[in-house]
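Proteins get letters first, then strands, A, B, ... in listed order; numbering begins at 1 in each.
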Amino acid sequence: MNRIYLDNAATTPVRREVFEAMVPYLTDKFGNPSSIHSYGREARAALDRAREQVATAIGATPEEIIFTAGGSEADNLAIKGTALSMRGRKSHVITSAVEHHAVLHPVEALEKLGFSTTVLPVDSEGMVDPDDVRRAITPETFLISIMYANNEVGTIQPIEEISQIAREAGVLFHTDAVQAVGHIPVDVGSLGVDMLSLSGHKFYGPKGVGALYVRRGVRPTPLLEGGAQERKRRAGTENMAGIVGMGAAIELAVGELEEMLACEEMLRDKLIRGLIQRIPDVKLNGHPTRRLPNNVNISFLYVEGESLLLNLDMQGIAASSGSACTSGSLAPSHVLIAMGIPHEVAHGSVRMTLGRYTQEADIDKVLNVMPGIVDKLREMSPVYVKTECGIKDICAQAHACDVAQPCGE
Amino acid sequence: MNRIYLDNAATTPVRREVFEAMVPYLTDKFGNPSSIHSYGREARAALDRAREQVATAIGATPEEIIFTAGGSEADNLAIKGTALSMRGRKSHVITSAVEHHAVLHPVEALEKLGFSTTVLPVDSEGMVDPDDVRRAITPETFLISIMYANNEVGTIQPIEEISQIAREAGVLFHTDAVQAVGHIPVDVGSLGVDMLSLSGHKFYGPKGVGALYVRRGVRPTPLLEGGAQERKRRAGTENMAGIVGMGAAIELAVGELEEMLACEEMLRDKLIRGLIQRIPDVKLNGHPTRRLPNNVNISFLYVEGESLLLNLDMQGIAASSGSACTSGSLAPSHVLIAMGIPHEVAHGSVRMTLGRYTQEADIDKVLNVMPGIVDKLREMSPVYVKTECGIKDICAQAHACDVAQPCGE
Amino acid sequence: MYSEKVMDHFSHPRNVGELPNPDGVGQVGNPVCGDIMRVEIKVDDGIISDIRFKTFGCGAAIATSSMATEMVKGKTLVEALEVSNKAVAEALDGLPPQKMHCSNLAASAVHAAIKDYLEKHGDLDLGIDPASIRIEEHGHDEPEE
Amino acid sequence: MYSEKVMDHFSHPRNVGELPNPDGVGQVGNPVCGDIMRVEIKVDDGIISDIRFKTFGCGAAIATSSMATEMVKGKTLVEALEVSNKAVAEALDGLPPQKMHCSNLAASAVHAAIKDYLEKHGDLDLGIDPASIRIEEHGHDEPEE
Ligand SMILES: Cc1ncc(COP(=O)(O)O)c(C=O)c1O
Ligand SMILES: Cc1ncc(COP(=O)(O)O)c(C=O)c1O
């Protein structure tokens, strides 16, 4: 079966060119860049070049790039490292309720170490209000961390406004740009951020490699200590193949960004419109326009996300869901819940994220098979009762039903 | 020029079979193992298999393996993670002066957090005395970290004795086995350790991937938090290609361990003997017998290590050195200094580490070119004066001269 | 993730639907947790002669519903009450650990339907006290890691 | 790591050795730090007519020794005193930052040799007060990162 991959927010395929750039560092160019002999020097040169590629892509200088094992490590370093460096001086951190767990969990960990934290709410489209940020700042605040673009619903935050607020208050500002880099323009200068996380496998690079941009003069305390790698800011023999791959990938992604963006937006809108037209009782999650070009997140009322995914998978279509069932916890996606979406609607959410290999025919296929799958599951669903208002059972308890579909209409 | 690689302790080439095992995970099998669709499931299966390979190789169960970004992260997790989990309960850590910086620096970091530490000395051959360990234990001690085999001089520590002491005292025991795994037998059961670090690129796997073995029931606090990967003990999308590569590499390395060990020892001893026979005023660093099969570490008096390395490099031979010059700090290798080797002798040390691609002809080549290089550098050295005792200048200040060569003989 | 048997029951669920005039109806779970199972039974001579289910939930929820209904169809009520959530999971060659908690409630739904039947027909003497039927509302718990 | 010029001077060092009866000898560094440079000079009419060095140290130490001796050979003592460690590094197209600290002392060794010469020949009047010659013992420091 011809498979269709619509889970590019989870991870992207490695581009052919990226793979080819990596091969030498998995075969003959195997040196350790810390070695002074010829093997070491050829590795060092490749490391320097990759660092330059990453720096150039986001408007930074090479010394401002710290390579990490991925987006999660970058986030942890930004949050915990900054907190450790501020210990005994300042004690308050601000973040938002829709951050990735790689930000939220480190922030929670800080609470155990005696820091105080503010987790800002978002509106029903997943947006943080810059005024909330301003109001949350106290003289104790040393760090604000707000993501650039949300991984589940694709909402793009007003980073420039928030960074200006941070700057005026003399507070450091970190943004998790893991879903943004390579997909929408990212320039650390115009964004005005102090730290920015990125991850190679979200823009057609390999998994297990990422970077933290750290503005000159900002010094998070290292989490991984040991050798003098990364100017003592992150110890460990460098993941050479991964780093070289990420360097190649980011250069390629940024080079074709505008073209890809337009193309993805076109397919994204076709998919969203098509689903809404074909299937009753669906709801688009996230912001209608300030949204990643490749993100479609839709709740199909009365059905549960995992069942939907499994049915899609049986048709060769890979997607993901914000349902609790996928994670095994009782609560569905913290992002959807923070947006005020009722549990039962959140359970029916499906995320389809497009990529550079998505064809229009793939979208057509999804539009073809989805109505049948939803129908079949609804037929099987004890909460689905075809009345004028198809939402009878749920309406009784769900305050946000009217967001989904006006009841009793 | 045909290059000869004698720096396998710094990093090893990736085996062909390992590279081939990795390729699918850098091309079509690009799924994220957390995804439930077919791409995710094929990645998950590969992840499970690699975990089993690593576990089997060291006598552990798969749930006891935490994949990391390398040996350094594994060490940091063992040391800092255990300390964080013990915070407020116990406060003392024991380690040795010859540990890798990935252990020593985290231990130093603990001091800043209010922990107390004991750094045990070693003898002139780099050995830790188990009685010193026993004496250092206090009621506050919660962790002992002693490396299995030293990366610079190859000395193998009495791990089983130390682990028994730790067990009797109810203290957790971690060993950095980064240089041991794949080279000498490592079985967590018979070693009796609670945690053990390993790193893929030391046994013909890729760089940037490692693992921490954590005995069932032991729970270091995670350093990298976020997603639920590695059973919430280490967040971040998995470095799939790296992990698969490490799994393949460890299985292959352990499979041929005995054969390789015998072969490396033979070449190692030929190299050591040959150098001692051909060149006056040399000194073998490390233990004469309790030593890694692939480690040769020799000081060439009156010459400086980096100059020697560069000359070797010009002849196509890659090696490393414990000289300060390579690192740019004033003090030479902390390992050699801890062994009581005078600075000027430490500066003249060269480490040659053999591997599975080392040929006897390579050893012959080194034995051929080394005397000329050393001669040339000595001729250029202001401290070298050919008298009956060739060590005049140094003898005046260096107490360990007699280790190298009896003065005035 | 899922065994072949789970996938078989998930993709071809048995006994889906409703019965025209069910003798007993049982429902467990709630939409907030993401799993709801409703089971309807026909009872003849103390035997479950027909059964249907409707389920809102993940793959495991649907598969366990299908399997549970298969397992009790044609059985006496007493036998059906002995079919546990755990037994259903085992009949499916096991479920992923995280699915044991909230998605493995199909047997409970059957038990609830039997209880409903017995309560509605209190005049029957089948030797079962409906009050003694405990409805496991949280599946078979795996120890937390 | 090293520039081509450094590698050229390292692999083919100029002016290695000793002079039979040197007019001045200068030595800087010590074996504990891993760098020692000794320079011997012949002086004729206030001009360095010949020069030799011996160096224990890393690639940078040897290359700077070679370059420094080349730069001052045939120069007047006054000119030679104007050749700084920094100038030697620049003539080699720069050194890696970590090498600026302890391995870049060759000019200092030359200065020390001139000082020695002047002190031994206090009767000469070259217009230089040997006491005014400061021997930089720690090279040209880069700011710490
Ligand atoms: C917004 C966001 N932040 C952080 C991460 C973590 O990155 P990684 O998986 O590379 O650790 C991800 C993706 O997994 C993400 O989408
Ligand atoms: C003994 C020892 N421990 C730890 C490490 C660190 O491992 P890695 O470079 O994979 O982070 C090394 C090698 O670099 C080592 O030799």
Gap separating the CE atom of D:M71 from the CZ atom of D:R14, nearest 0.5 angstrom: 13.0 Å
Side chain from CB out, backbone as N, CA, C, O: work out which of these in D:P13 comes under 4.5 Å of a heavy atom of chain B, or both, or neither. side chain
How are the rings of B:H347 and D:F56 set to each other: parallel, tilted or perpendicular (split at 30° and 60°)? perpendicular
Under-4.0 Å salt bridge between D:E18 and D:K54: yes
Side chain / backbone / both / neither for D:A61 at chain B, heavy atoms under 4.5 Å: neither
Using non-hydrogen atoms only, which part of D:I36 is less than 4.5 Å away from chain B: side chain, backbone, both, or neither? both
Does D:K42 pair with D:D44 as a salt bridge, N-O distance under 4.0 Å? no
Which portion of B:M314 sits near chain D, non-hydrogen atoms under 4.5 angstrom: side chain
Selection from D:I62, D:N30, D:V16, D:T55 maximising heavy-atom pairs under 4.5 Å formed with chain B: D:T55
Residue pair B:N297 / B:E152, side-chain donor-acceptor N/O under 3.5 Å: no
